[in-house]
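Please read the structure below before turning to the comments.
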Amino acid sequence: MESKRILATGAAGFLGSHLCDALLAEGNIVVGVDNLCTGQTANLAHLSGEPRFSFIEQDIIRPFDPGKVDFIFNFASPASPTDYTRLGVETLLVGSAGTVNTLDIARKYGAGYLHASTSECYGDPEVHPQVETYWGHVNPVGPRSVYDEAKRFSEAAVMAYHRYYGVDTRIVRIFNTYGPRLQANDGRVISNFMIQALRGEPLTIYGDGSQTRSFCYVSDLIDGILRLSRSCEHLPVNIGNPEEWTILECAREVLAVTGSKSEIVSLPLPIDDPARRRPDIEKARTLLGWEPKIKLREGLGRSLDYFKAFC
Ligand code: NAD
Ligand code: UDP
């Protein structure tokens, strides 16, 4: 396959660092950009001797020019509810000015472009499972709005650069993804439960644990995203694992995988926490020939050593 020069924003984050690994494994030259607001250079430490990888510490909210690139993966944004409510204005700006800045780079160099969007665009969904044609049910002024509305603006910006300027764009709507390098302290459910279980601390369920999520292992997600990057689809595509779990069931899976005797405790449910979330992946199946392979228990097992390092 022909080697490309690829820009990856959010490269020091959980998904961005796995994406860089996959792009390098395909033989590409990768320029990683990150301002390290939630990511860590430790996620890229193993690439320090790799001549095809370079890193630029840069806030994408400010215009920048990485030189000619053939493709851009725009993954920069705080992603966990804890991070994006702590960094509310920064999240709004990276999902607006930041996205537009990277689209301008794609336009300047005639580069392909893939934007990391989210199931949060569906909000607290009234349609279940969530199909790409559903417009969503989002609170535009609630605490999650800094993330949800920025991501929705980003999707509109990506489509506008495609429609008005002919930029060759793609949008992936990512559903909850987990695996090694998930930030240990960013409050997401899998990292919280794994670390709590391994430390023998109580697992903190928010609300009664009946809310659902559908968890995708990181290697499945990256495979789907690379397939999408090679496709000609410009409208959003869901990538996620359609196996749906209540948060209580998820806690029990974590206890089983870790062999932990931790108790389960209940804490208040955050405002606007979506009641259910499950991707309809028929579009990804037919368009990309993609579906996830790794079940939750196996993926948690593959993540065990990573989380043990924090305990
Ligand atoms: P993460 O926090 O680990 O990574 C995000 C990275 O973006 C971090 O390294 C952070 O420092 C960087 N960043 C944030 N603002 C920036 C800015 N202004 N300039 C440069 N870099 C900046 O989160 P993640 O889980 O890897 O998420 C990556 C992308 O995927 C995000 O866009 C997120 O919205 C999206 N996503 C992730 C999930 C998931 O389950 N992990 C689900 C849906 C969408
Ligand atoms: N959650 C929980 N306990 C935790 C962390 C999260 O019960 O310690 C719940 C949270 O309320 C939500 C689900 O787990 O219903 C997923 O939360 P996460 O922050 O991982 O991502 P979200 O899908 O809400 O963006």
Side-chain angles (χ1 to χ4, degrees), residues 7-20 31-44 55-66 72-106 113-124 136 138-161 169 171-178 181-192 225 236 270-274:
L7 172 67
T9 75
F14 163 48
L15 297 181
S17 62
H18 284 283
L19 177 71
C20 289
V31 180
V33 164
D34 205 297
N35 70 348
L36 304 177
C37 71
T38 61
Q40 304 164 43
T41 50
N43 288 335
L44 300 170
F55 180 73
I56 305 172
E57 189 171 335
Q58 165 77 43
D59 189 332
I60 70 160
I61 290 168
R62 280 181 262 289
F64 66 105
D65 190 339
I72 299 172
F73 288 87
N74 185 37
F75 276 55
S77 171
S80 82
T82 305
D83 281 341
Y84 64 67
T85 46
R86 178 174 59 87
L87 299 167
V89 173
E90 291 86 343
T91 302
L92 271 174
L93 289 174
V94 73
S96 49
T99 299
V100 168
N101 285 335
T102 55
L103 284 164
D104 280 333
I105 297 169
Y113 187 96
L114 185 146
H115 175 70
S117 190
T118 168
S119 55
E120 281 285 316
C121 288
Y122 302 121
D124 190 7
V138 172
N139 178 351
V141 292
R144 298 174 88 99
S145 64
V146 289
Y147 183 68
D148 300 7
E149 295 295 13
K151 288 289 185 182
R152 286 162 67 98
F153 173 86
S154 282
E155 290 198 2
V158 170
M159 290 309 300
Y161 270 63
T169 58
I171 296 170
V172 57
R173 288 195 183 137
I174 301 170
F175 283 65
N176 297 61
T177 301
Y178 69 100
R181 302 187 204 149
L182 189 61
Q183 319 287 347
N185 57 354
D186 74 5
R188 283 186 266 198
V189 65
I190 298 287
S191 42
N192 272 9
I225 285 174
I271 297 167
D272 292 341
D273 198 287

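Keep in mind that the numbers below use all heavy atoms, side chains included, and drop hydrogens, waters and symmetry copies. If you're wondering where the values come from, they're calculated on a predicted model, not measured in any experiment.
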Exercise for review: Show the numbers, then the answer: is there a side chain to side chain contact (heavy atoms under 4.5 Å, CB included) between L103 and H115?
Suggested key: CA-CA 10 Å; L103 284 164; H115 175 70; over 6 Å; no
Exercise for review: Kindly determine whether D186 and R188 satisfy side chain to side chain contact (heavy atoms under 4.5 Å, CB included), including the steps that lead there.
Suggested key: CA-CA 6 Å; D186 74 5; R188 283 186 266 198; 2.9 Å; yes
Point to revise | Candidate pair L15 and I174, rule side chain to side chain contact (heavy atoms under 4.5 Å, CB included), full reasoning | key: CA-CA 11 Å; L15 297 181; I174 301 170; 4.0 Å; yes
Review point. Is there a side chain to side chain contact (heavy atoms under 4.5 Å, CB included) between T118 and Y147 once you walk through the steps?
Key: CA-CA 10 Å; T118 168; Y147 183 68; 3.8 Å; yes
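Heavy atoms only, all atoms of each residue included: T91 and S77 are closest at CG2-OG, 4.2 Å. In terms of heavy atoms, D272 sits closest to P143 at OD2-CD, 3.9 Å. Of all heavy-atom pairs between G13 and D34, the closest is N-OD2, 3.7 Å. In plain terms, the two heavy atoms of S154 and G95 that are nearest each other are OG-O, 2.5 Å. Scanning both residues, R152 and C121, for their nearest heavy atoms gives NH1-O, 2.7 Å. Among all heavy-atom pairs drawn from S145 and N139, the shortest one is CB-O, 3.4 Å.
The one candidate from N101, L7, N35, V94 that meets the side chain to side chain contact (heavy atoms under 4.5 Å, CB included) condition with I60 is V94.
In this structure, the side chains of S119 and R173 stay at 4.5 Å or more apart for every pair of heavy atoms. The closest side-chain heavy-atom distance from Q40 to R181 is not below 4.5 Å. Under the 4.5 Å side-chain criterion, counting only non-hydrogen atoms from C-beta, D104 is in contact with Y161. Contact of the T177 side chain with the F14 side chain is registered, since non-hydrogen atoms from C-beta on lie closer than 4.5 Å. Inter-residue side-chain proximity for P236 and E155 is flagged as met; some heavy-atom pair is nearer than 4.5 Å. The side-chain heavy atoms of C37 and L87, taken from C-beta on, include a pair separated by under 4.5 Å. Annotation: side chain of Y113 is in contact with side chain of T99 (closest heavy-atom distance under 4.5 Å). You'll find the side chain of R86 stays beyond 4.5 Å of the side chain of P78, heavy atoms only.
Contacts classified as salt bridge (Lys or Arg N to Asp or Glu O under 4.0 Å) and involving residues 113-122 (residues at least two apart or in different chains) are given here: E120-R144, E120-R277.
T9 contributes a side-chain N or O that, together with a main-chain N or O of A76, makes up a donor-acceptor pair within less than 3.5 Å.
Expressed to the nearest 0.5 Å, how far CG of D59 lies from CD1 of I61 amounts to 4.0 Å. With rounding to the nearest 0.5 angstrom, the CD atom of E90 is 11.0 Å from the OG1 atom of T38.
Between F175 and Y122, the ring-plane angle classifies as tilted under the 30° and 60° cut-offs.
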